[in-house]
Amino acid sequence: MRVEWIALAAICSALLTWALAYFAGALGMIDHPGGHKHHREPVAMVGGLAIAVTITIVLGFSTTSLPSAQRVLLAAAFAMLLIGLADDRIRLGAHTRLLAQALVAMALGLAGDTLLTDLGALFDGEDVVRLGWFALPLSIFSVVGVMNACNMSDGMDGAAAGMVVLALGGAIFLALGHAFAPHVQIAATVLGAVLGFMLWNVPLLRSARAYLGDGGSLLLGTFVAWTLVAFSQGADRAFAPVVALWLYAVPLIDTVSVMWRRVSDGRSPFQPDQRHLHHMLLRAGVSARKAWLILMLAAFVCVSVAIAATRASWPEPAMAAAFLVMAFSHHWLMRSADRSGRWCGRTLAASVAAPTLPLGRAEHD
């Protein structure tokens with residue numbers, strides 16, 4: 001991995017995001033306030049397009065050719081970008097999006113080196129759990145799950161992008177020294193592109209000037225899913241499959257909990273509401289900046305656990321059990337907050353009011 005390519009991607013992405021924002025109106029890529037959205041003023045949804053163009057440019061400079069599996073990955077990711085851009089414009093609906101995601105995940109599994117062939121040594125610490133014929137269905141389910149987790153985490157400025165950066169950064173760190181050179185090159189390029197975009201999206205010094213949009217979140221979800229699967233399989237895997245869960249733990253756990261609670265209430269798992277972790281923080285009166293820092297700290301701790309577990313060879317069954325305990329604890333706390341109207345000793349507001357500092361896009365469908 002060459003650090004200068006990450007820097008080049010970051011610079012290119014930052015400049016492209018800034019430039020495309022001026023043409024967002026003409027391109028029809030403006031996110032207007034209203035409905036479940038929290039921001040006060042229109043914001044350009046050009047992050048996904050800027051990141052995609054950056055990846056194309058940087059990979060074109062840094063390599064003469066990519067293996068066929070990586071070309072399939074890029075085609076799949078850009079296809080999800082187009083699906084997301086269409087969804088931003090005309091609202092495709094949950095079933096249409098799920099079908100598109102499943103088809104892309106199938107293509108990745110069959111031709112894009114994104115196939116879960118085993119679950120690691122989950123039981124006796126030595127023999128891995130082989131999936132056999134179940135490999136493709138579980139791979140499709142996993143990839144679609146990560147895509148939606150990334151999409152649903154894009155409800156507050158900087159949240160989705162920040163957790164993607166931490167997950168990719170952790171995966172790249174663990175992959176160094178393994179036979180993943182082409183994989184690391186792509187993951188590092190995506191990492192740099194997201195870092196550049198975050199200059200216009202993180203709620204620290206100012207409000208967001210650009211959003212990912214559904215196109216951007218689905219694009220990044222595709223890359224994250226591919227990274228977690230591809231790096232956790234094979235004889236020279238960079239980390240165990242259960243460690244992959246820890247690298248992207250916060251979005252995965254929160255998304256499953258929200259969907260579970262919606263279904264328990266007799267609603268569609270894709271019906272929008274304000275019960276994600278970032279919503280609960282904001283409804284409890286935490287500022288957008290502090291809420292973002294809390295999310296990043298939680299994600300950073302999970303990534304650190306993943307790195308420590310891999311370096312110290314912690315037992316995979318223990319890692320799986322700890323993940324499940326964390327997931328069920330989170331779900332129990334969120335469910336209790338739903339019922340009591342209180343969280344962390346604070347009364348929850350009925351909804352997130354539009355603040356001075358934009359909070360990002362609420363999910364839809």
> Yes or no on side chain to side chain contact (heavy atoms under 4.5 Å, CB included) for Trp292 and His278, after CA distance, side-chain angles and deciding distance?
Replying inline: CA-CA 8 Å; Trp292 182 79; His278 55 268; over 6 Å; no
> Is the His183 to Trp226 ring centre distance short of 6.0 Å?
Replying inline: yes
> What's the spacing between Leu277 CG and Leu333 CG if we round to 0.5 Å?
Replying inline: 10.0 Å
>> I'd like to know whether Phe231 forms a side chain to side chain contact (heavy atoms under 4.5 Å, CB included) with Val184, so could you lay out the CA-CA distance, the side-chain angles of the two residues, the decisive distance to 0.1 Å, and finally the verdict.
In response: CA-CA 9 Å; Phe231 285 34; Val184 169; 4.2 Å; yes
>> So which atom in Leu122 and which in Ala320 form the shortest heavy-atom distance, rounded to 0.1 Å?
In response: CD2-CB, 4.0 Å
> What about Val256 and Val143, same hydrophobic cluster or not, with Ile/Leu/Val/Met/Phe/Trp/Tyr joined at side-chain heavy-atom distances under 4.5 Å?
Replying inline: no
> When you check the gap from the basic side-chain N to the acidic O, do Arg209 and Asp157 get nearer than 4.0 Å?
Replying inline: no
> Just by distance, do the side chain of Gln233 and the backbone of Thr117 share a donor-acceptor pair under 3.5 Å?
Replying inline: yes
>> To the closest 0.5 Å, what do you measure between CG (Leu92) and CG (Leu99)?
In response: 11.0 Å
> Hey, what's the ring geometry for His279 with His276, parallel, tilted or perpendicular (30° and 60° as the breaks)?
Replying inline: tilted
> Parallel, tilted or perpendicular: which fits the ring planes of Phe323 and Trp246, with parallel below 30° and perpendicular above 60°?
Replying inline: perpendicular
>> Can you tell me how far apart CG (Asp265) and CD (Gln271) are? Round to the nearest 0.5 Å.
In response: 10.0 Å
> Does the Arg335 side chain pair with the main chain of His331, one donor and one acceptor, at a distance under 3.5 Å?
Replying inline: no
> Within the distance-only criterion (no hydrogens, no angle test), does the side chain of Thr56 pair as donor or acceptor with the backbone N or O of Ala52 below 3.5 angstrom?
Replying inline: yes
> Considering residues, nucleotides and ligands other than Arg267, do more than 12 of their heavy atoms fall under 6.0 Å from its CZ?
Replying inline: yes
>> Do Val305 and Val243 have side chains that approach each other closer than 4.5 Å (heavy atoms only, starting at C-beta)?
In response: no
> Among Val144, Thr222, Val146, Ile83, whose side chain to side chain contact (heavy atoms under 4.5 Å, CB included) with Gln101 holds?
Replying inline: Val144
> If you count the non-hydrogen atoms of other residues, nucleotides and ligands that lie under 6.0 Å from CZ in Phe300, is the total more than 12?
Replying inline: no
> How far does CZ of Phe123 sit from CD of Glu316, to the nearest 0.5 angstrom?
Replying inline: 11.0 Å
>> Between Ser217 and Asp154, is there a side-chain donor-acceptor contact under 3.5 Å, judged purely by atom types and distance?
In response: no
> Rounded to the nearest 0.5 Å, what separation is found between the CG atom of Leu218 and the SG atom of Cys150?
Replying inline: 7.5 Å
>> So Asp118 and Pro241, do their side chains get closer than 4.5 Å, heavy atoms only?
In response: yes
> Of the non-hydrogen atoms in Ala14 and Leu199, which two are nearest, and what is the gap between them?
Replying inline: CB-CD1, 3.8 Å
>> Has Thr255 got a side-chain atom pairing as donor or acceptor with Leu252's backbone, closer than 3.5 angstrom?
In response: no
> Of all heavy-atom pairs between Leu136 and Gly109, which one has the smallest distance, and what is that distance?
Replying inline: CD1-CA, 4.3 Å
> Hey, does Arg261 have a side-chain heavy atom less than 4.5 Å from the side chain of Val258?
Replying inline: yes
>> Contact between Tyr248 and Val303 at the side-chain level, heavy atoms closer than 4.5 Å - yes or no?
In response: no
> Is Asp338 salt-bridged to Arg262, going by a charged N under 4.0 Å from an acidic O?
Replying inline: no
> Can you check whether Leu116's main-chain N or O pairs, donor with acceptor, with Ser139's side chain at less than 3.5 Å?
Replying inline: yes
>> Under a plain distance cut-off of 3.5 Å, with no hydrogens placed, do Arg342 and Thr347 share a side-chain donor-acceptor pair?
In response: yes
>> Could you check whether any side-chain heavy atom of Leu74 comes within less than 4.5 Å of a side-chain heavy atom of Phe223, counting everything from C-beta outward?
In response: yes
>> How close do Leu219 and Ala77 get, counting heavy atoms only, and between which atoms?
In response: CD1-O, 3.3 Å
> So how far is it from Met80 CE to Asn151 CG, rounded to the nearest 0.5 Å?
Replying inline: 9.0 Å
> Side-chain contact, heavy-atom cut-off 4.5 Å: Leu59 with Gln185?
Replying inline: yes
> Which atom names give the shortest non-hydrogen contact between Leu81 and Gly216, and what distance separates them?
Replying inline: CD1-N, 4.1 Å
> What do the steps show when you test Leu281 against Trp343 for side chain to side chain contact (heavy atoms under 4.5 Å, CB included), and what is the final call?
Replying inline: CA-CA 8 Å; Leu281 288 167; Trp343 193 67; 3.3 Å; yes
> Does one hydrophobic cluster hold both Val194 and Ile11, with members joined at side-chain heavy-atom distances below 4.5 Å?
Replying inline: no
> Between Ser13 and Ala193, is there a donor-acceptor pair closer than 3.5 Å when you use the side chain of the first and the backbone of the second?
Replying inline: yes
> Given side chains that start at C-beta, do those of Asp214 and Leu85 come closer than 4.5 Å, heavy atoms only?
Replying inline: no
> So if you build clusters from Ile, Leu, Val, Met, Phe, Trp, Tyr with side-chain heavy-atom gaps below 4.5 Å, do Ile294 and Met156 land together?
Replying inline: yes
> Same cluster for Met326 and Leu228 if Ile/Leu/Val/Met/Phe/Trp/Tyr side chains link at under 4.5 Å?
Replying inline: yes
> Minimum heavy-atom separation for Leu247 to Ala167, with atom names?
Replying inline: O-CB, 3.4 Å
> Phe141, Leu245: one ILVMFWY side-chain cluster at the under-4.5 Å cut-off?
Replying inline: yes
> Does Arg339 use its side chain to pair, donor to acceptor, with the backbone of Ser336 at less than 3.5 Å?
Replying inline: no
> How far apart are the C-alpha atoms of Ile51 and Leu212, what are their side-chain angles, what is the distance that settles it, and do they pass the side chain to side chain contact (heavy atoms under 4.5 Å, CB included) test?
Replying inline: CA-CA 9 Å; Ile51 290 171; Leu212 283 171; 3.7 Å; yes
> Taking the side chain as C-beta and beyond, is there a heavy-atom pair between Phe270 and Leu98 under 4.5 Å?
Replying inline: yes
